[in-house]
Structures are given as C-alpha cells and as structure tokens.
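A quick write-up on the structure given underneath.
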Number of protein chains: 2
Amino acid sequence: MAKTLDETRLLQFKKNLSNCVNVKSKVFYNKELILSYSPIKKKIGFITEGKANIVKTDKEGNTTIMRDLKENDIFSNLFFQETEDEIYIISNGETKVIFIDYYNIIKNCNQNCPFHNSIVLTLFDLLIEDNKQQNEKIELLSKRTVEDKILFFLKQRMNKNNIFKVTTSYKAIAEYLFVDRANLMRELKKMEEKGLIEKHEKTIKIKS
Amino acid sequence: MAKTLDETRLLQFKKNLSNCVNVKSKVFYNKELILSYSPIKKKIGFITEGKANIVKTDKEGNTTIMRDLKENDIFSNLFFQETEDEIYIISNGETKVIFIDYYNIIKNCNQNCPFHNSIVLTLFDLLIEDNKQQNEKIELLSKRTVEDKILFFLKQRMNKNNIFKVTTSYKAIAEYLFVDRANLMRELKKMEEKGLIEKHEKTIKIKS
DNA sequence: TAATTATTGTTGCATTTGCAACAATAATAA
DNA sequence: TTATTATTGTTGCAAATGCAACAATAATTA
C-alpha cells in the first residue's frame with residue numbers, strides 16, 4: 001500500500017497553505033519557545049525543518065519530555081486540556097515552523113476553494129499520523145519493565161542491520177522513556193551481559 | 001469559548017454520514033471484537049452508544065487496556081502501526097458503532113458535496129479530541145509514582161464535590177494506570193492515612 | 001587555549017513496586 | 001437457591017527502580 005503522506009503530497013500541502021489560509025512561517029533557534037497552552041489563540045503548527053519537544057513542567061518543577069517532534073510532524077495547543085502542569089513546545093536545534101490558524105481552517109474560507117479541501121484532508125492525515133505516534137508512546141509506556149521499554153524503543157528505531165545510534169544522549173532517552181538515567185545505564189549493561197544487545201558507547205546492536 | 005463538538009453538531013454529523021458516504025452501523029454485546037489491526041481495510045469507527053476498550057496483548061500473553069473509549073469517541077486501525085503486540089478494540093457492555101470507510105472519506109465522493117466537507121471537518125475535530133485524550137493518558141503515565149498517578153486520575157474524574165465513584169472496578173483502574181492492583185489498594189490506604197483522600201468502598205473523596 | 005558545563009558510567013542504598021497467595025465478600029450463572 | 005466466578009482487601013517478600021553522589025570524559029564557551 002502506498003504511503004499516505006508522501007513527499008509530493010507534503011510539498012503540495014505547503015504550497016496550498018500559502019494560497020489559501022493565512023500562514024506564518026518562523027524559524028526558532030535551540031531551546032526557544034514555539035508554542036504554549038493558550039485558551040484563546042488556537043493554532044496548529046507544522047514543522048518543515050528540524051526538531052522540537054513537547055515538554056511538561058509540574059508544580060514541583062519536574063520537567064519531562066512528553067513527545068519528540070520532527071520534520072513533517074504537527075502539533076497544536078488544541079491537543080491539550082487545561083491542567084495543573086504547564087505544557088510547552090520547545091525547539092530542539094534550529095527549527096522551522098509554519099503556523100496555521102485553527103479558525104481559518106474550520107471557517108474562514110470559501111468552502112469551494114480547492115486548496116482548502118486539500119489542506120483539510122492533508123491535516124486530517126497528519127493528525128492520524130500524530131495519533132499513531134501517540135499510541136506508540138502509550139504502548140511503550142505500558143511496558144512493565146525498563147528492559148521491555150528499552151527493547152521496544154530500540155526495535156522501533158534500529159536500521160536494517162539492527163543497529164541504533166544514539167544521536168541525542170542517554171539522558172534524553174531516559175527522559176523519553178520516563179525512567180531514571182542511572183537505571184537506564186544499568187539496564188543496558190545487564191542487557192549486554194544477557195546477550196540481548198552489544199553496546200559501544202553510542203552505538204547499540206540489537207541481537208534478538 | 002463554545003465547545004467545539006456540541007450535541008447539535010454531532011447529531012448533524014450522524015445524519016450527514018448516511019447521506020454521503022457508505023456507513024455501516026452495528027451493535028456489539030459485552031466483550032465482542034469491534035475492530036482489529038488490519039493492513040487492508042482501513043476503517044474509522046464512531047461510538048454512538050456505550051463503551052469500548054483498546055486492548056493490547058503482547059507475545060507473552062499479557063493483556064493491557066491502552067485506552068477507554070466512550071460515546072462520541074472515534075477509533076481506527078489507522079491509528080496503529082504494525083507491531084509485535086496485537087491490538088484490538090473490544091466492546092465494554094452493549095455498544096453501538098458506526099463504521100466509516102477511510103477511502104470513502106479521502107477519495108470516493110464528489111468534493112463539492114456539502115455533506116462531505118462537513119463530515120471531514122467534524123472528523124477532524126473528533127481526531128483532535130482523541131489526540132487530547134491520548135495526551136492526557138501520556139501525562140498520566142509520565143507521573144513518577146503510583147500516588148501521583150492516582151491523584152491525577154482522580155482529579156480528572158471527580159465531580160464538583162471532589163468525589164469520585166468507582167463505577168467499574170479497582171482492577172480496571174489498576175489496568176488503566178498500568179500498575180499492580182495490590183499496589184493500587186496499598187497506595188490508596190497510604191493516601192487515606194496521609195489524609196489525601198477518604199475512601200469508603202467504591203467512593204473516594206479527594207481532599208487536596 | 002583554558003575554563004566551564006554537560007554527559008557518561010558507576011555504585012550503594014532506601015524505597016517503591018510487582019508478584020504470589022489467601023480469605024472475605026460480592027456478583028453472576030446454573 | 002446453590003454453585004461458581006470475579007472482586008476486594010491484605011500481607012510477606014523479592015526484585016526493580018529511583019535517588020544521590022562521584023569520577024572520568026566529552027563538548028561547549030570564554
């Protein structure tokens with residue numbers, strides 16, 4: 001089956017956006033605030049270049065990375081309910097984002113505009129893609145042990161040669177898995193002793 | 001701000017569905033299989049009555065409830081990537097579901113059909129709502145301790161009088177929180193001793 | 001280059017958690 | 001009604017996990 005969201009379609013999407021609704025494109029440098037929860041201005045963001053994180057800070061000040069976002073991912077403050085915790089989207093390196101106004105999508109366009117229909121359908125598929133990623137994260141977090149979490153994480157990201165390279169840091173991976181960094185290192189060592197993986201600094205070979 | 005998805009709109013949505021795309025409505029009794037992962041037939045389901053669960057079974061046979069679904073929620077096999085685990089949607093009591101064919105939504109309709117546009121926009125908002133619920137679940141699972149998970153869960157579901165009634169079972173709640181049931185009971189007792197809650201069988205009063 | 005800051009790798013220890021098991025009660029089916 | 005099955009409440013115990021702390025590198029900045 002053909003991939004739903006191929007390059008051609010995404011390129012068309014970006015073109016259509018500027019033809020139809022009011023969009024703003026913006027570049028963010030490392031660790032800049034891209035979007036925060038706001039009950040008034042409902043925006044959808046689309047990452048055209050770079051990476052970002054959905055970050056949550058609770059009232060004790062503990063910060064956790066809720067999601068990793070990359071090129072062609074969407075995000076929105078529409079996706080978050082009001083909560084005690086503060087939720088932000090933060091750039092991770094240089095990141096280029098297109099902002100789309102939610103009301104423009106839903107209302108403020110002639111419904112017969114062919115750009116508009118195409119945009120809504122692409123947004124629909126982008127949302128499905130995001131939904132899929134969230135389910136994967138929930139599946140990951142449903143794993144009972146840290147070892148199971150690590151294995152699930154590695155298998156999802158390894159290449160054809162069963163190799164995963166840590167391009168970020170072990171600290172970031174521990175945050176993503178919601179586990180203690182020291183424990184992550186310990187479990188990786190145990191897994192190596194068990195023969196499940198081979199680890200050489202930032203390169204891991206999965207052997208199961 | 002007005003609620004995006006009100007009753008009127010959802011009623012209209014159901015009417016439009018039958019006017020535009022091919023839909024099938026079906027009733028399921030308790031614990032029946034509503035949908036399973038299928039790489040061929042991509043369907044979107046919409047619950048008009050009752051409840052359902054997204055359930056995952058891993059290769060060791062451990063079963064976990066990934067999500068709770070209720071009236072007006074949508075689900076789809078589009079939301080799941082192929083994985084070692086098996087993922088199903090199972091009815092929880094008598095449940096009425098409308099099935100919508102994905103390709104009908106995306107392609108097989110005259111794009112100027114006013115029903116179609118309205119349907120896609122409602123599906124879009126339903127997807128956003130689902131996305132929001134998933135983020136809430138991720139936020140819940142990001143909590144470090146079982147106590148934090150319980151408190152977050154209770155505060156989200158308590159009524160104006162800070163009371164939460166267990167309508168399902170403690171077993172089901174433990175599954176939803178991905179924690180051991182015995183430990184859930186133990187933590188609830190500790191929380192009562194600390195004065196955080198008051199528990200009388202299936203009624204919990206949150207005091208913080 | 002030197003100084004500063006961040007990451008990695010490691011360990012001991014206390015705490016949390018899951019598992020197993022069981023009795024008591026409640027709910028359901030025969 | 002009685003038998004059967006499911007849920008609740010509880011505990012001991014072993015295992016998993018997080019926390020704190022530290023040295024050794026690596027990366028970044030002045």
Side-chain angles (χ1 to χ4, degrees), chain A residues 29-31 53 55 58 60-65 90 92-94 140-153 164-194 196-204, chain B residues 29-31 53 55 58 60-65 90 92-94 140-153 164-194 196-204:
Chain A
Y29 300 97
N30 198 23
K31 307 283 169 205
N53 293 116
V55 174
D58 66 20
E60 275 97 41
N62 301 313
T63 290
T64 40
I65 298 174
I90 309 282
N92 184 354
E94 196 171 317
L140 171 79
L141 297 175
S142 79
K143 300 286 172 188
R144 279 155 184 73
T145 64
V146 172
E147 183 183 302
D148 285 343
K149 285 188 179 123
I150 294 170
L151 272 180
F152 186 80
F153 177 86
F164 172 75
K165 277 182 207 267
V166 180
T167 49
T168 54
S169 69
Y170 285 107
K171 186 174 171 280
I173 293 173
E175 278 178 341
Y176 184 78
L177 303 180
F178 297 154
V179 300
D180 180 64
R181 187 194 61 84
N183 196 29
L184 168 68
M185 305 307 279
R186 180 167 36 202
E187 290 297 327
L188 283 169
K189 203 164 59 169
K190 276 197 216 163
M191 287 164 75
E192 196 163 18
E193 284 162 7
K194 281 201 219 173
L196 291 171
I197 59 166
E198 266 174 41
K199 172 174 172 288
H200 303 101
E201 274 156 10
K202 295 208 163 193
T203 302
I204 300 175
Chain B
Y29 299 96
N30 197 23
K31 306 283 171 206
N53 293 116
V55 174
D58 67 18
E60 276 97 41
N62 301 312
T63 291
T64 39
I65 297 174
I90 308 282
N92 185 354
E94 196 171 318
L140 170 78
L141 297 175
S142 79
K143 301 288 174 189
R144 278 155 186 73
T145 64
V146 172
E147 182 183 303
D148 286 344
K149 285 188 178 124
I150 295 170
L151 273 179
F152 186 81
F153 177 85
F164 172 75
K165 278 183 206 267
V166 179
T167 49
T168 54
S169 69
Y170 284 108
K171 186 174 173 279
I173 293 173
E175 278 179 342
Y176 184 80
L177 303 179
F178 297 153
V179 300
D180 180 65
R181 186 194 61 84
N183 196 29
L184 169 66
M185 305 306 280
R186 179 166 39 202
E187 288 298 327
L188 284 169
K189 203 164 59 168
K190 276 197 215 164
M191 287 165 75
E192 196 162 18
E193 284 162 9
K194 280 200 219 174
L196 291 172
I197 59 167
E198 265 174 40
K199 173 174 172 289
H200 303 101
E201 276 155 9
K202 294 209 164 192
T203 302
I204 301 174

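First the proteins, then the strands, lettered A, B, ... as listed; each starts at 1.
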* Once you round it to whole Å, what is the distance between P of C:dA6 and CG of A:Asn92? -> 15 Å
* Take atom NE2 of B:His200 and atom C1' of C:dT25, then tell me their distance rounded to the nearest Å. => 18 Å
* To do: Evaluate the side-chain contact (heavy atoms from CB on, under 4.5 Å) criterion for residues A:Leu184 and A:Leu177: first the C-alpha distance (whole Å), next the side-chain angles of each, then the deciding distance (0.1 Å), finally the verdict.
  => CA-CA 9 Å; A:Leu184 168 68; A:Leu177 303 180; 4.3 Å; yes
* Nearest whole angstrom, please: distance from the C1' of D:dG9 to the CD of B:Glu201. => 11 Å
* **Pairs involving residues 178-189 of chain A, ordered by first then second residue, that meet salt bridge (charged side-chain N to carboxylate O under 4.0 Å, His left out) (sequence neighbours left out)** => A:Glu187-A:Lys190
* Structure fact -> dist B:Glu175:CD -> B:Asn53:CG (nearest 0.5 Å) comes out at 8.5 Å
* To do: Using atom NZ of B:Lys31 as one end and atom P of D:dT5 as the other, report the distance to the nearest whole Å.
  => 17 Å
* Under 4.0 Å: is that the gap between some side-chain N or O of A:Lys202 and OP1 or OP2 of C:dT7? -> no
* What is the distance, rounded to the nearest whole Å, between atom CG of A:Leu177 and atom P of D:dG18? -> 10 Å
* Nearest whole angstrom, please: distance from the P of D:dT7 to the CD1 of B:Ile173. => 12 Å
* To do: Calculate the interatomic distance between A:Tyr170 atom OH and C:dG9 atom C1'; express it in whole Å.
  => 11 Å
* Take atom NZ in B:Lys165; do more than 12 heavy atoms of anything else shown fall under 6.0 Å from it? -> no
* To do: Quick one, give me the B/S/- string for nucleotides 10-19 of chain C, reading 5' to 3', where B means a protein heavy atom under 4.0 Å from the base and S means that only happens at the primed atoms, P, OP1 or OP2.
  => BBBB---SBB
* Structure fact -> Separation between CZ (B:Phe164) and CZ (B:Phe153), nearest 0.5 Å, reads 4.0 Å
* To do: Would you sort out whether A:Glu198 and A:Thr203 count as a side-chain contact (heavy atoms from CB on, under 4.5 Å), showing the intermediate values?
  => CA-CA 8 Å; A:Glu198 266 174 41; A:Thr203 302; over 6 Å; no
* Asked: Rounded to the nearest Å, what distance is computed from the CG atom of residue B:Asn30 to the C1' atom of nucleotide D:dT5?
  -> 15 Å
